[in-house]
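None of the values given here were measured: they were computed from a predicted structure.
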Amino acid sequence: IADELALDGRKFIFVSIPRKDAVMTGFLPDSYTSSDEIYKHSMEVLISHFNENVIVIDVYDLFVEAYENGENCYFTTDHHVNFAGGMIIYNELTKIISEDYPEIQFTTEDDYNVQSVVVNGSFNRLIGQSVKADPEELLISLKKIDFTYTRKEEGKSSNKSIWGTGSSYASAYMDNDNPETIVTTSNTDYPNILITGSSFTNILEVLCIPDCHTMASVDYRYNESGKNLKTYADQIDAHYVIYIPSQSSNAHSIN
């Protein structure tokens, strides 16, 4: 896929997000099989088989550094990355984009209003909400929106929220998982970005929108269009195609 995209001058970016138990190891019992060693080994195997057309962003070291400094990159009762984790990923992405678009003043944490709520986490729902968690930073909104935008879901105009409300990851970012989303902004001189993966893409989609012309996302768990990534990349003239694989919630098998 990366080679096909490269023929058209498009960059393929493989964003690897370690699973929560690979980073926050201090909370695990001694008997727990080390997910961090599995993760590091599997990434070494993957990267050794990639060619120069696959750009890799692996945030493992940055997430571990944040954790060791007392900052969580994941929600307490949920497996998804939080706003802090999302910004770490986004800042790594902007380093790549800024090489081609040096004129963009990328949004930072300071450009957002951030509201803390008690998060309705996926783990907590599995155990009857038995964990009484403290409020965490979940809901974000831009302090200033100096662009206009339209949103389409599977080709139809949509009023789904980008900067959401509620108390869950799903409601806070892009209004849940969607088969095919295309957000087109008035930032005509900015890049077009195509993102694919599962729900771990949602927060990155939100963070990308202010700094791109078009942000399209595809979730192939629900997308039944039959269109592959190259077709979508051609459709929006994507400059960057971002792929987030599923080890975000399922650890790789070394085999």
Side-chain angles (χ1 to χ4, degrees), residues 2 11-28 34-50 53-76 78-99 106-112 114 119 121-123 136-138 140 169 172-174 191 193-212 215 217 219 240-252 254:
K11 293 183 177 180
F12 181 84
I13 304 173
F14 183 103
V15 177
S16 185
I17 304 173
R19 207 170 67 165
K20 186 176 181 179
D21 58 335
V23 174
M24 304 180 71
T25 55
F27 289 94
L28 303 174
S34 174
S35 179
D36 58 335
E37 294 302 322
I38 294 172
Y39 177 82
K40 288 184 287 187
H41 186 182
S42 61
M43 284 304 297
E44 289 174 359
V45 173
L46 278 175
I47 291 173
S48 70
H49 288 80
F50 289 158
N53 288 328
V54 180
I55 302 170
V56 178
I57 295 177
D58 182 0
V59 294
Y60 172 83
D61 288 334
L62 295 174
F63 274 26
V64 169
E65 180 182 1
Y67 167 63
E68 291 176 345
N69 290 330
E71 182 174 28
N72 292 340
C73 292
Y74 308 84
F75 296 107
T76 301
D78 194 278
H79 63 294
H80 292 102
V81 297
N82 58 18
F83 177 58
M87 284 305 305
I88 288 175
I89 300 168
Y90 184 65
N91 289 337
E92 292 301 296
L93 176 62
T94 61
K95 292 177 183 178
I96 297 171
I97 298 176
S98 63
E99 295 176 359
F106 293 101
T107 51
T108 68
E109 294 93 331
D110 294 335
D111 294 310
Y112 287 94
V114 184
V119 177
S122 58
F123 291 152
E136 301 174 75
E137 292 185 345
L138 173 69
I140 64 173
Y169 175 89
Y173 307 114
M174 297 303 294
I193 299 174
L194 172 61
I195 306 175
T196 188
S198 57
S199 58
F200 269 70
T201 68
N202 295 14
I203 190 169
L204 189 59
E205 295 168 33
V206 171
L207 296 176
C208 281
I209 286 172
D211 300 323
C212 68
M215 189 292 299
S217 67
D219 189 331
Y240 306 95
V241 177
I242 300 169
Y243 170 60
I244 301 181
S246 64
Q247 83 264 25
S248 306
S249 55
N250 300 303
H252 278 309
I254 291 299

Quiz prompt | Closest contact, heavy atoms only, Val54 versus Ala2 | solution = CG2-CB, 3.7 Å

Quiz item: Rounded to the nearest 0.5 Å, what separation is found between the CZ atom of Phe12 and the CD1 atom of Ile242?
Solution: 10.0 Å

Quiz item: In Å, rounded to the nearest 0.5 Å, how long is the span from CG of Leu138 to CZ of Phe83?
Solution: 11.0 Å

Self-check item: Heavy-atom pair with the smallest gap, counting every atom of Leu28 and Asp21
Solution: CD1-O, 3.4 Å

Report, one line per pair, each donor and acceptor closer than 3.5 Å where one atom sits in a side chain of residues 56-69; sequence neighbours left out.
unit_1, atom_1, unit_2, atom_2, d
Asp58, OD1, Tyr39, OH, 2.6
Asp58, OD1, Tyr60, N, 3.1
Tyr67, OH, Gly26, N, 3.0
Asn69, ND2, Glu65, O, 3.1

Self-check item: Atom of Thr107, atom of Pro210 and distance for their closest heavy-atom approach
Solution: CG2-CB, 3.8 Å

Practice problem: Might you work through the side-chain contact (heavy atoms from CB on, under 4.5 Å) test for Met174 and Ile209, ending with a clear yes or no? | Solution: CA-CA 11 Å; Met174 297 303 294; Ile209 286 172; 4.1 Å; yes

Quiz prompt | CG on Asp78 to NZ on Lys20, rounded to 0.5 Å | solution = 7.0 Å

Exercise. Under the salt bridge (charged side-chain N to carboxylate O under 4.0 Å, His left out) rule, collect the residues that match up with Asp219, sequence neighbours excluded.
Key: Arg221

Quiz item: Once you round to the nearest 0.5 Å, how far does OG of Ser199 lie from CD of Glu205?
Solution: 10.0 Å

Quiz item: Does some side-chain heavy atom of Cys73 sit less than 4.5 Å from a side-chain heavy atom of Val23?
Solution: no

Quiz prompt | Main-chain N/O of Thr108 paired with Asp111 side-chain donor or acceptor, under 3.5 Å | solution = yes

Practice problem: Please lay out, stage by stage, how Phe14 and Leu46 fare under the test side-chain contact (heavy atoms from CB on, under 4.5 Å). | Solution: CA-CA 11 Å; Phe14 183 103; Leu46 278 175; 4.0 Å; yes

Quiz item: Is any side-chain heavy atom of Asn91 closer than 4.5 Å to a side-chain heavy atom of Glu109?
Solution: yes

Quiz item: What pair of heavy atoms forms the shortest contact from Val81 to Ile89, and how long is it?
Solution: CG2-CD1, 4.4 Å

Self-check item: Least distance between heavy atoms, Phe123 atom then His79 atom
Solution: CZ-CB, 3.5 Å

Self-check item: Spacing of CD1 belonging to Ile13 relative to CD1 belonging to Ile97, to within rounding of 0.5 Å
Solution: 6.0 Å

Exercise. Using ring pair (Phe, Tyr, Trp, His ring centres under 6.0 Å) as the criterion, point out the one residue from Tyr74, Tyr169, Tyr173 that pairs with His80.
Key: Tyr169

Self-check item: Where Val45 and Ser48 come nearest, the two heavy atoms and their spacing
Solution: O-OG, 2.7 Å

Quiz item: With no hydrogens and no angle check, is any side-chain donor or acceptor of Asn82 less than 3.5 Å from a backbone partner on Glu137?
Solution: no

Practice problem: Determine, step by step, whether Val119 and Thr76 satisfy the side-chain contact (heavy atoms from CB on, under 4.5 Å) criterion, reporting the C-alpha distance in whole Å, the side-chain angles of both residues, the deciding distance to 0.1 Å, and the verdict. | Solution: CA-CA 8 Å; Val119 177; Thr76 301; over 6 Å; no

Practice problem: Report the distance from atom OH of Tyr112 to atom CD1 of Ile140, rounding to the nearest 0.5 Å. | Solution: 5.0 Å

